[in-house]
Amino acid sequence: MCRYQTILRMVSGKPAETESWKRELAASFTGVSALLAALGLKAADIPDLDPNPATFRLLVPPVFAGLMRMGDPDDPLLRQVLPRLIEQAQVDGYVTDPVDDRSADCGHGLLRKYGGRSLLIATGACAIHCRYCFRRHFTYASLGTVRSRLDAASEHIAADPSVSELILSGGDPLLLDDRTLEQIVLRLATIGHMRRLRIHTRLPVVLPTRVTERLCAILASSGLMTVVVIHANHPRELGDAAEQALFDLRRAGVTLLNQSVLLHGVNDDPETLCQLSERLLQCGTLPYYLHQLDPVAGAAHFQVSDHDAIRLIETLRQQLPGYLLPRLVREIPGAASKMPL
Ligand SMILES: *Cc1c(COP(=O)(O)O)cnc(C)c1O
Ligand code: SF4
């Protein structure tokens, strides 16, 4: 019996209440004033602050807040999560559904846009609310839980032998508890043509305690090649706890990649992006995509022009080894892949 199967047996009886990540998640900042106070900031320090957003409230786990610089209203981590009044400005071309997933919808929360890969929306929930995210306008309430959809979704995948990779996305699929994830993984592993499992998640970065021994054991013993694509935009997001979580995932045989979004005032300079790539490598993770922002209503102030984005990448290309250079891409509705710029 492999080491991870032993761990799985040992820990599967543990009650969920003992899991510290759930307690940490419950202790997240949900109000602007509490977060600012914890950082030694006052509302008056941020002239454009929206203290009480009507939709897409503030949500920040304590560990992530702990990586922000005290007393710095322009901290790049804070900028990603702090609601601003400018979000309410109407900007031409910025819409609520920029990615337009409707044509790719196979039902049961399955999206099929690209060859060989199906994407399953595992949950609509996230542990952090990133202001630039295109999901800020989505409600997944009509979708139902992934457990209720799992039978139909896996039958759909089983009927299409061209699909060899399932991508769990959301929301954040690692917000599902271990038991549900185990069910999904076991179910997938019974589909003969399924070779790879991919998980798109920000949790190893913003809530590293989510990477439990049991999670690692589930992924290690699935029999599928497993890729975890994390999401970090700035080198300071990868603290010691994230590094440890990523190390644990790697030890479980998981291939680690990172995707970032190019964000004005957060990471749109060559030094930051260079340091991000270096820090990722220290954490055993290779840069994968650098996304041009989806034109989502409320996020226009994060936009970096294509011209500047391409210049940034050209500067990086001269400074970094090829394997530390992310691919600059944009999502174009209806296209057969993410489009390189
Ligand atoms: C981004 C995306 C993928 C993954 O694309 P890769 O280029 O393989 O990373 C798959 N399905 C959907 C619906 C996506 O949006
Ligand atoms: S889906 Fe990802 S980018 Fe969007 S809010 Fe959730 S964690 Fe942030």
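Order of listing sets the numbers, starting from 1, for every ligand and every atom in it. One is the number of the first residue; the rest follow in order along the sequence.
- Listed by chain and number, C130 SG are the protein N/O/S atoms closer than 2.8 Å to atom 8 (Fe) of ligand 2, with waters left out.
- Contact check on D172 versus R135 returns no salt bridge, with no Lys/Arg side-chain nitrogen under 4.0 Å from an Asp/Glu carboxylate oxygen.
- For the pair E19 and K22, the salt-bridge criterion is met [side-chain N within less than 4.0 Å of a carboxylate O].
- Using a cut-off of 4.0 Å between Lys/Arg side-chain N and Asp/Glu carboxylate O, R112 and D105 are scored as not salt-bridged.
- Within ligand 1, the atoms closer than 4.0 Å to a non-hydrogen atom of E331 are 15 (O), numbered from 1 in the order shown.
- A single hydrophobic cluster is not seen to contain both L290 and L263; linkage of ILVMFWY side chains at heavy-atom distances under 4.5 Å, directly or through other members, places them apart.
- Interface of L119 with ligand 1, defined as ligand atoms under 4.0 Å from a residue heavy atom, comprises 11 (N), 12 (C), 13 (C), 14 (C).
- Under the 4.0 Å criterion applied to side-chain N and carboxylate O atoms, E87 and R84 are not assigned as salt-bridge partners.
- At a heavy-atom distance under 4.0 Å, only side-chain atoms of R198, from C-beta outward, approach ligand 1.
- For E182 and R214, the salt-bridge test passes: some basic side-chain N is under 4.0 Å from an acidic carboxylate O.
- Taking the ring centroids of F302 and H264, they lie at or beyond the 6.0 Å cut-off.
- One hydrophobic cluster, built from ILVMFWY side chains closer than 4.5 Å, cannot hold both L293 and I313; they sit in different ones.
- If you look at R112 next to ligand 1, there are no close heavy atoms at all, none under 4.0 Å.
- In summary, the atoms of ligand 1 found under 4.0 Å from a heavy atom of R117, numbered by their order in the structure, are 5 (O), 6 (P), 7 (O), 8 (O).
- Salt bridge absent: R117 and E165 never bring a charged side-chain N and a carboxylate O closer than 4.0 Å.
- Per-residue contacts place Y289 under 4.0 angstrom from the following atoms of ligand 1 (heavy atoms of the residue considered): 6 (P), 7 (O), 9 (O).
- Checking L181, D177, L203, I199 one by one against L215, the side-chain contact (heavy atoms from CB on, under 4.5 Å) holds for a single residue, L181.
- Remark: R330 engages D306 in a salt bridge, criterion side-chain N to carboxylate O under 4.0 Å.
- Counting atoms of ligand 1 from 1 in the listed order, those under 4.0 Å from a heavy atom of Y288 are 6 (P), 7 (O), 8 (O), 9 (O).
- In V229, neither the side chain nor the backbone holds a heavy atom less than 4.0 Å from any atom of ligand 1.
- Nearest non-hydrogen protein atom to atom 1 (C) of ligand 1 is K338 NZ, 1.7 Å.
- The distance from ligand 1 to the heavy atoms of I167 drops below 4.0 Å at these ligand atoms: 3 (C), 4 (C), 10 (C).
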